[in-house]
2 protein chains.
Amino acid sequence: MTRRMKIDLSIILQKATELVDEQGLDQLSIGILAEKLEIRPPSLYNHLEGLNELKQMLAIKGVKKLNEYMLQAAVGRSGDEAIRAISQAYIQFVREHPGLYDASTRFPDSNDQELQQAQEAVVQLVLQVLDAYNLQEEIAIHMVRGLRSILHGFTSIEQMGGFGMPLDINKSFSILINTFIEGIHAVMINEDKYMQRND
Amino acid sequence: MTRRMKIDLSIILQKATELVDEQGLDQLSIGILAEKLEIRPPSLYNHLEGLNELKQMLAIKGVKKLNEYMLQAAVGRSGDEAIRAISQAYIQFVREHPGLYDASTRFPDSNDQELQQAQEAVVQLVLQVLDAYNLQEEIAIHMVRGLRSILHGFTSIEQMGGFGMPLDINKSFSILINTFIEGIHAVMINEDKYMQRND
DNA sequence: CATTTTAACTAATCAAATTAGTTTTTGCAA
DNA sequence: TTGCAAAAACTAATTTGATTAGTTAAAATG
């Protein structure tokens with residue numbers, strides 16, 4: 001008789017992560033997960049509240065891991081180079097963990113403390129990177145939102161197979177990031193104008 | 001006896017649209033929709049294959065409507081102004097039809113002819129707008145992908161309530177668009193450089 | 001008016017999550 | 001070691017939705 005490995009929350013999360021990264025977040029179900037763990041579906045309830053809690057935990061894991069990737073990439077870099085590096089890390093994370101990333105953007109409860117904290121950490125990291133540009137505090141935050149939009153938008157569309165035309169996707173990405181960086185430089189030397197205008 | 005309105009596909013789609021825009025795409029179910037239409041759930045199958053087909057139809061309707069919004073906005077405008085206008089139209093559409101927009105990015109079948117065609121129309125529209133910049137064909141396509149990423153990313157994050165900090169979201173949006181536009185101008189005068197580099 | 005089609009209905013089935021209640025296993029202290 | 005409490009598994013049952021089967025009523029058409 002094979003002594004089955006004792007199942008705990010971390011093992012469940014691990015298997016769930018593999019499942020969503022390989023099959024997609026929507027394929028995650030109590031039944032399939034239980035099957036992979038070689039237990040009966042109800043047994044999972046000894047470890048977690050239910051499917052929603054599981055998704056919430058995956059979301060948190062996803063944000064934290066994304067932050068790790070970006071943090072690694074940012075070490076020892078600054079300015080344009082740092083922006084390119086964290087952007088590359090972002091897309092790399094999404095490509096390696098599409099399900100986890102998806103979970104981190106479609107979670108059951110957005111008021112979750114731990115989730116918000118993890119998200120905040122990413123924002124702070126990017127703010128630090130942008131520090132090099134000496135932007136006004138407020139503009140810097142707008143730029144964080146902008147970069148985040150770019151990264152989330154690009155990776156989401158890539159994941160959904162939304163880039164139809166046969167044209168190098170990595171090139172599209174690097175041009176996008178570089179275009180944004182050029183834009184930051186332009187805005188940087190004209191900050192006041194951009195604080196006023198309204199279009 | 002109140003003579004009930006005859007139900008056809010367009011009425012079903014209309015009610016489904018209201019439902020997803022008000023309650024969110026995930027709240028769409030055969031049961032709830034049937035209830036709103038004052039018929040029994042199975043009756044809906046006289047009009048459509050099932051929930052998946054319904055979602056697919058919503059996706060197509062969403063993309064077409066988005067295209068209409070953008071088209072309207074682009075009329076009579078060109079260059080930077082046109083980019084701002086279609087961007088504004090995009091965010092306006094998503095705010096007015098969050099459920100429909102969501103459907104248009106999370107559909108059951110991405111190989112659907114009609115869906116692809118509708119999506120292609122949006123791409124063509126943006127390509128036309130970018131025509132004013134006389135970019136190399138290939139660069140232009142990269143830029144379309146870039147703008148689309150920006151618009152999808154920003155609106156998605158806004159919809160998921162992802163912009164935490166208390167800072168004017170509309171301002172963030174206009175700064176993002178303007179930063180991108182500045183970037184295009186910079187890239188424009190340096191196209192060759194951007195065709196070579198690889199980061 | 002008869003017939004055909006459309007669109008509704010009830011009843012039944014299937015799938016998945018979840019809950020209730022029980023049993024087995026395991027770790028640890030007497 | 002034994003013996004028990006807690007942990008973690010199980011079976012059985014319930015609930016919620018989607019879907020299918022088979023039937024009936026209404027409406028349109030010749």
Between A:E18 and A:Q14, does the side chain to side chain donor-acceptor pair (under 3.5 Å) criterion hold? Intermediate values first, please. CA-CA 6 Å; A:E18 289 168 18; A:Q14 183 51 43; 3.2 Å; yes
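- Take B:N134 and apply the side-chain contact (heavy atoms from CB on, under 4.5 Å) test, not counting sequence neighbours, and it matches no residue.
- Note on the helix from C:dC1-D:dG30 to C:dA30-D:dT1: angle between the axes of the first and last five pairs equals 10°, rounded to 10 degrees.
- The CG-C1' distance, from B:L9 to C:dA7, rounds to 13 Å in whole Å.
- Proximity of A:H47 to the phosphate of D:dA7: no side-chain N or O atom is located under 4.0 Å from OP1 or OP2.
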Kindly indicate, with the supporting measurements, whether the criterion side chain to side chain contact (heavy atoms under 4.5 Å, CB included) is fulfilled by A:F163 and B:S149. CA-CA 10 Å; A:F163 293 132; B:S149 297; 3.8 Å; yes
Donor-acceptor contacts, no H, no angles, side chain residues 86-100 of chain A, under 3.5 Å, sequence neighbours left out:
unit_1 : atom_1 : unit_2 : atom_2 : d
A:S87  : OG     : A:I83  : O      : 2.7
A:Y90  : OH     : A:Y101 : OH     : 2.6
A:Q92  : NE2    : A:E96  : OE2    : 2.9
A:R95  : NE     : A:E158 : OE1    : 3.2
A:R95  : NE     : A:E158 : OE2    : 3.1
A:R95  : NH1    : A:N170 : OD1    : 2.9
A:R95  : NH2    : A:E158 : OE2    : 2.9
A:R95  : NH2    : A:N170 : OD1    : 2.8
A:E96  : OE1    : A:Y69  : OH     : 2.5
A:H97  : ND1    : A:D21  : OD2    : 2.7

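- Per the geometry, CD belonging to B:E35 stands 14 Å off C1' belonging to D:dT16, to the nearest Å.
- Under the side-chain contact (heavy atoms from CB on, under 4.5 Å) criterion, B:P42 pairs with B:R40, sequence neighbours left out.
- For A:N46 and D:dA7, a side-chain-to-base donor-acceptor distance below 3.5 Å is absent, hydrogens and geometry of angles not being considered.
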Check nucleotides 16-20 of chain C for protein N or O atoms closer than 3.5 Å to its own N or O atoms and list the pairs.
unit_1 : atom_1 : unit_2 : atom_2 : d
C:dA17 : OP1    : A:I30  : N      : 3.0
C:dA17 : OP2    : A:I30  : N      : 3.3
C:dA17 : OP2    : A:G31  : N      : 3.0
C:dT18 : OP2    : A:Y45  : OH     : 2.7
C:dT18 : OP2    : A:L51  : N      : 2.9
C:dT18 : O5'    : A:Y45  : OH     : 3.1

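- Here B:K65 pairs with nothing under the salt bridge (charged side-chain N to carboxylate O under 4.0 Å, His left out) rule; sequence neighbours left out.
- Legend: residues meeting side-chain contact (heavy atoms from CB on, under 4.5 Å) with B:E81, ordered by chain and number and at least two apart, are B:R77.
- Annotation: side chain to side chain donor-acceptor pair (under 3.5 Å) contacts involving residues 171-180 of chain A, sequence neighbours excluded, comprise A:R84-A:N178, A:S172-B:H142, A:S172-B:R145.
- Scored by the side-chain contact (heavy atoms from CB on, under 4.5 Å) test, B:V20 finds B:L25, B:L28, B:L58 as partners (sequence neighbours excluded).
- Look at B:S43 and you'll find a side-chain N or O under 4.0 angstrom from OP1 or OP2 of C:dC9.
- If you take CD of B:E53 and C1' of D:dA18, they are 15 Å apart, rounded to a whole angstrom.
- As rounded to whole Å, 13 Å separates atom C1' of D:dG17 from atom CG of B:L44.
- In this structure, the CG atom of B:L48 is 12 Å from the P atom of D:dA18, given to the nearest Å.
- Rounded to whole Å, atom P of C:dC9 lies 10 Å from atom CD of B:E38.
- The distance between atom CD1 of A:I11 and atom C1' of D:dA8, rounded to the nearest whole Å, is 13 Å.
- Here the C1' atom of nucleotide C:dC9 and the CD1 atom of B:I7 are 13 Å apart, to the nearest Å.
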